[in-house]
Every structure is written in structure tokens, then in C-alpha cells.
Amino acid sequence: MKLIFFDIECAGVHKTYAKICAFGYVVCDGQFNILEKEDILINPRGRFELTNRKGEKGIILPYEYSEFKKQPSFPAVYERIKALLEDKNTYVFGHAVLNDVKYLNLETRRFKLPSFKFRFNDSQLLFMAYKNDFSRQFGLEFIASELGVEFTPHRAADDAYATMRIVEAMCKVNNCGLEELLKLYRIKSGKIENYNIIRPLSEGLKGYERQRKSDKEQRSRARIKFNNYYLKKRFVRGGRLGGATFTFTRAIEDDISVSLALVDKIYANGGRYTQQVEACAYFVRTEGDISGRAKAACSRANVKMLEIADLEKLLND
């Protein structure tokens, strides 16, 4: 059994191309002894576009950019990369690997080359399963720091090396080999064939996504119930709130065991409710609320910010 860990850097990514400029890889045996490590530099056949549309958030690749112009283009190295990734006796790994597989797919289409065909695994998914935390995507630098792996970010071969060391560290923590590690976390490999890509999955991730979908559906039902409820309320003239308008943060709206009772009290005291932040006099938020609605309310000088305890006090005084 052999393992190959790979990483790709691009001069620019678009929905129709991925201008690959570096394919870095590490090949090792089942005990993580390195057999090969190399950066294959590639002429991207186009200019470097390493920022977003505003010219911000750009990455800096640790290469001399002029060096890329001297290198062969992707079609010239395609067969070599294909042989590395399609070796039947090799496990293929990357970090957030789905992106890199998509880049390969885009470049084969761009240059009208046959599709790649191989199975692949993701060190990021493994680490998420190891931490039992699927709520965020852990970056390579974060994981490497946590597991004590040193490397140079965005140098493709070094990213591949860090990916290898991360998987090795997880094997050591669990006192097992790679195949046992994949079984332990119930990982199902991804696959590319005929330009179609199936992402890698774990049972933990599938469970998290099922729960997330269920929670979203529950929030949607609660939101419909809340909207139907407050829209039927009638303003009571002469109340001591004097027609003051209130808005809740979404988290409070969605908790209908709390929000419906608060709306009742607001209207009973001569207040109103609106979901338009710009139209409210009071915005009610949860402690530590950093939602977009809360930020929008904070930015308005005429809006008074309250927490639920403050609102209760206002309604009961």
C-alpha cells in the first residue's frame, strides 16, 4: 500500500477554468516513510488573479512568479499527474480536497483532456470526525498548529507534506494504521469519473447535516407561526408604550415559547411589532448577539438596544 498526498495552487479560479500553476505531492508507504516529494510547476497559460473582484483578500504564493512562464502547461504534465493519482495501489489524500479535485476537473475540460478517475479522501473531514465538530471547516494551518506540524503555507508540496503529517498524527493518536483510521471514523471516499465528482463523507457529517436540516425546517415552521401570529395582532390605543415599535432578533422570534408571549405583552401595553429594523424604536437581542440584524440595529442612532430582561422590565414596570 502507498499513500499520495497532494495539493494544488492556482493562478486564478473561475467557473470555467482553474489555471493550475503548481501540483505538489508527497508519496509515502503505509508507515508514512516518504518515497517522493515534489512540486510540479505549471505554466498557467494566463495571468495571475489572486484577489477577489475588489482586489482584496489575495494570497501570496511563495514562488518567483516569473518561474512559471518557463514551465510546461497543464496538458504536458497531465499524464504524469494522472499516473500518480490513478495508481490502483495508492490511497489519495488532500486537505479540503474537493476543491483540488474540482480544479483538476476544470483544467481537463479547459484543455479538452479525458477525465481523471480515482478515489480520494480528505484530511479536513478526518480531523472534523476526530474533533466530532462538523460545524466549521478547519484550515490546514490551524490543524497543523494544533498537532505540532511545521510547514510553509501555499507551497503546494509543503501543504501536501503537512496533510500527510496530520493524517499520520491522527493515526498515532488512535494507535492504528490508515485503513483502521478510515474505518474508525466511518469515512466513505470521494470519487471522480467521467467529469462527475462525488464528495467524501463520514457518518458523523451525515448525521450533522441531517440534524442541521431538521433544525432549519423547525426554524422555518416557527417563523411562519410567529409571522402569522403577530400580523393578526391589533394595536391598542392609549397604552403606556404609546405605539412604540419593537423588533426581535431572529433567535428570539424563532423561540415561539418566548416570542409569542412577549408580543402579547407589547400589544397589551400599546406597542407594535415589526420585522423591519429601520422602522423600530427598540431592538431586542440575545446576549452576545452578533447577527446581521443586531449589527444593523446598533448602527442606527434612533434604535434603543434591549435584552429580554430589559424588555420584561419595561413591560412590567
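Under a cutoff of 6.0 Å and an axis angle of 45°, Arg45 and Tyr17 do not form a cation-pi pair. Geometric assessment of Arg155 against the ring of Tyr63 yields a positive cation-pi assignment under the 6.0 Å and 45° thresholds.
What you find for Phe283 and Ala297 is that their closest heavy atoms are CG-CB, 3.5 Å.
Ring geometry, Phe248 versus Phe226: the interplanar angle falls from 30° to 60°, so the pair is classed tilted. Classified by interplanar angle (parallel below 30°, tilted 30° to 60°, perpendicular above 60°), the ring pair Tyr78/Phe116 is perpendicular.
Leu41 CG to Glu67 CD: the interatomic distance, rounded to the nearest 0.5 Å, is 6.5 Å.
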* Asked: Given Glu180 and Lys183, is the salt bridge (Lys or Arg N to Asp or Glu O under 4.0 Å) satisfied, shown in steps?
  -> CA-CA 5 Å; Glu180 291 80 9; Lys183 289 178 182 177; over 6 Å; no
* Test Lys37 against Asp158 for salt bridge (Lys or Arg N to Asp or Glu O under 4.0 Å), laying out the working first. => CA-CA 9 Å; Lys37 178 187 176 187; Asp158 288 338; 2.9 Å; yes
* **Arg199 and Glu209: CA distance, side-chain angles, deciding distance, salt bridge (Lys or Arg N to Asp or Glu O under 4.0 Å) verdict** => CA-CA 14 Å; Arg199 64 173 178 154; Glu209 290 180 340; 2.8 Å; yes
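With sequence neighbours left out, the side chain to side chain donor-acceptor pair (under 3.5 Å) criterion links Arg240 to Asn269. Applying the ring-ring contact (aromatic ring centres under 6.0 Å, His included) test to Phe74 and every residue at least two apart in sequence or in another chain returns nothing. Take Tyr161 and apply the ring-ring contact (aromatic ring centres under 6.0 Å, His included) test, not counting sequence neighbours, and it matches no residue.
Inter-residue side-chain proximity for Phe127 and Glu146 is flagged as met; some heavy-atom pair is nearer than 4.5 Å. Looking at Glu107 and Leu104, their side chains never come closer than 4.5 Å, going by heavy atoms from C-beta outward. In this structure the side chain of Leu85 never reaches within 4.5 angstrom of the side chain of Tyr25, judged on heavy atoms. For the pair Val167 and Phe5, the minimum side-chain heavy-atom distance is below 4.5 Å.
Proximity of a side-chain donor or acceptor of Ser145 to a complementary backbone N or O of Phe142 within less than 3.5 Å is not detected. Ser115 contributes a side-chain N or O that, together with a main-chain N or O of Tyr195, makes up a donor-acceptor pair within less than 3.5 Å.
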